[in-house]
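This report refers to the structure that appears directly beneath it.
We count ligands from 1, going down the list as the structure has it; atoms in each ligand are counted the same way. Both backbone and side-chain heavy atoms feed into the values below; hydrogens, waters and symmetry mates do not.
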Amino acid sequence: MDQKNLVPKPKSRFLKIVCLNCGSSQIVFGCSSTEVKCQTCQKILVQPTGGKSRILTKISDVLT
Ligand SMILES: [Zn+2]
């Protein structure tokens, strides 16, 4: 039996997040493996947690 050629779904999405500290928004990669800080106030907005990223702030939009 042939295996189905499953196209891996791109998990990666771009998220628009809003810093709860200063209110500035920025676009980040949804499964970023690096820490993302607010460009304005340097608050940590996204933390890498073993493959997935943990969003520590408000997501205002998901861009697919
Ligand atoms: Zn900020």
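The closest donor-acceptor contact from the side chain of Gln26 to the backbone of Cys19 lies at 3.5 Å or more, if one exists at all.
Between Val62 and Leu15 the shortest side-chain heavy-atom distance falls below 4.5 Å.
The shortest non-hydrogen separation linking Ile55 to Val46 is CD1-CG2, 3.9 Å. Contact record, Ile17 with Val28: CD1-CG1, 3.7 Å, taken as the closest heavy-atom pair. Counting all heavy atoms, side chain and backbone alike, Val18 lies closest to Gly23 at CG1-O, 3.8 Å.
Any protein N/O/S atom under 2.8 Å from the Zn ion (ligand 1) was counted, giving 4 altogether.
With sequence neighbours left out, the side-chain contact (heavy atoms from CB on, under 4.5 Å) criterion links Ser33 to no other residue.
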